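All figures in this text were calculated on a predicted structure; none of them were measured in a lab. Read the numbers this way: they start at 1 and go in the same order the structure lists the ligands and their atoms.
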Amino acid sequence: MITFITGNKHKVEEAKKIFHNFNIELEHIDLGYPELQGELEDVAISGAKYASSKLRKPVIVEDAGLFIRALNGFPGVYSSYVQETIGNSSILKLMEDIDDRYAEFRSVIGYCTPKTEPKTFLGRVKGQIAFQEKGDKGFAFDPLFYVEEKDKTFAELSIEEKNQFSHRRNSLEIFINWYKESSID
Ligand code: ITT
């Protein structure tokens, strides 16, 4: 069993289904950990270290963000703050006259145990910033994130569909493969 530390219930819902498909049980604890400002990797490392030493067990945390190429990677590591303050409509405004709509979601999983140093696992997914919000599934930036191959935004996909190729699926799959391999004696 693995313990996922997050305050975001949507992440838990997605992660539970992903772990289930790999036959690993996932426990969720909303511990709250100090999020220093920095690269996704640094936040994941410090969060995982903090939570595993506090709970005295192996944990994963995740730090994610939306990186828009035409805005030099904004909101990136500021994604949480931007989501809570100016929100999706302001991102659309910033992108109003911009042709280059390329964006990617990144997810970094931090894994740490009381006995080992933290490790990180990066997953990404490519997409575009839509011209208007679409869909009512998902959360946060999902209605903005358009995926050409599906001709849909993340918010128009079911969790199962999003889980087939999302940044979170990719980072968790890399983590799970490593985890399974490293727990073989
Ligand atoms: P934690 O407790 O796990 O930190 P959080 O919601 O603060 O939860 P992050 O800092 O990792 O999560 O995420 C940065 C922002 O990006 C935040 O506003 C998230 O809601 C948003 N975000 C992350 N993953 C997303 C996804 O799959 N779809 C849409 N928005 C996402």
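- By the neighbour-count criterion of 12 heavy atoms within 6.0 Å, atom CD of Glu25 is sparsely surrounded, having that number or fewer from other residues, nucleotides or ligands.
- Closest non-hydrogen pair, His167 versus Val125, comes out as N-CG1, 3.5 Å.
- Nearest protein heavy-atom contact of atom 18 (O) of ligand 1 is Gln83 CB, 3.3 Å.
- In this structure, atom 4 (O) of ligand 1 lies nearest to the protein heavy atom Glu35 OE2, 2.8 Å.
- If you number the atoms of ligand 1 from 1 as listed, the ones under 4.0 Å from a heavy atom of Asp63 come out as 9 (P), 10 (O), 11 (O).
- Within a 6.0 Å radius of CZ in Phe22, other residues, nucleotides and ligands contribute more than 12 heavy atoms.
- Side chain of Lys11 to main chain of Glu62: a donor-acceptor pair is present (N/O by atom type, distance under 3.5 Å, no hydrogens or angles).
- Residue, atom and distance of the protein heavy atom nearest to atom 28 (N) of ligand 1 are Asp142 OD1, 2.6 Å.
- A heavy-atom separation below 4.0 Å is not found between Glu84 and ligand 1.
- The distance criterion of under 3.5 Å between nitrogen or oxygen atoms is not met by Glu14 with respect to ligand 1.
- Nearest protein heavy-atom neighbour of atom 24 (N) of ligand 1: Arg168 NH2, 2.8 Å.
- Residue Phe139 places a heavy atom less than 4.0 Å from ligand 1.
- Under 4.0 angstrom from ligand 1, there are no non-hydrogen atoms of His10.
- Of the protein's heavy atoms, Phe141 CE1, 3.5 Å lies nearest to atom 16 (O) of ligand 1.
- Both tests hold for Arg101 against Phe131: distance to the six-membered ring centre under 6.0 Å, angle to the ring axis within 45°.
- Of all atoms in ligand 1, numbered sequentially from 1 with element shown, those under 4.0 Å from a heavy atom of His167 are 24 (N), 25 (C), 26 (C), 27 (O).
- Counted within 6.0 Å of NZ on Lys134, heavy atoms from surrounding residues, nucleotides or ligands total 12 or fewer; the atom is thus considered open.
- Close approach to Ser79 involves these atoms of ligand 1, each under 4.0 Å from a residue heavy atom: 14 (C), 15 (C), 16 (O), 18 (O).
- Residue contacts with ligand 1: Phe145 is excluded, as none of its non-hydrogen atoms falls under 4.0 Å.
- At a threshold of 4.5 Å between non-hydrogen side-chain atoms, the residues Phe19 and Ile60 count as touching.
- At the top of the distance list for atom 9 (P) of ligand 1, counting protein heavy atoms only, stands Lys11 NZ, 3.5 Å.
- Remark: the backbone N or O of Leu122 is not paired with any side-chain donor or acceptor of Asn170 at under 3.5 angstrom.
- Taking a 4.0 Å cut-off on heavy atoms, Ser80 registers as neighbouring ligand 1.
- For ligand 1, the atoms sitting less than 4.0 Å from at least one non-hydrogen atom of Thr6 are 1 (P), 2 (O), 3 (O), 8 (O), numbered in the order shown with element in parentheses.
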- Task: Assess whether salt bridge (charged side-chain N to carboxylate O under 4.0 Å, His left out) is satisfied between Glu27 and Lys57, documenting all intermediate values.
- Result: CA-CA 12 Å; Glu27 167 193 54; Lys57 58 180 167 182; 3.0 Å; yes
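- For Gly7, a nitrogen or oxygen atom sits less than 3.5 Å from a nitrogen or oxygen atom of ligand 1, counting backbone and side chain alike.
- No donor-acceptor distance shorter than 3.5 angstrom exists from the side chain of Thr3 to the backbone of Val59, with no hydrogens or angles considered.
- Of the protein's non-hydrogen atoms, the one nearest atom 14 (C) of ligand 1 is Ala64 O, 3.2 Å.
- The closest donor-acceptor contact from the side chain of Asn177 to the backbone of Ile174 lies at 3.5 Å or more, if one exists at all.
- Leu26 and Ile18 fall within the same hydrophobic cluster, defined by Ile, Leu, Val, Met, Phe, Trp and Tyr side-chain heavy atoms under 4.5 Å apart, directly or through other members.
- For ligand 1, the atoms sitting less than 4.0 Å from at least one non-hydrogen atom of Glu62 are 3 (O), 11 (O), numbered in the order shown with element in parentheses.
- At least one heavy atom of Lys162 lies less than 4.0 angstrom from ligand 1.
- Between the Asp142 side chain and the Phe154 main chain, no donor and acceptor come within less than 3.5 Å of each other.
- Nearest to atom 20 (O) of ligand 1 by heavy-atom distance, out of Ala140, Ser166, Pro75, is Ala140.
- Nearest protein heavy-atom neighbour of atom 6 (O) of ligand 1: Asn8 ND2, 3.0 Å.
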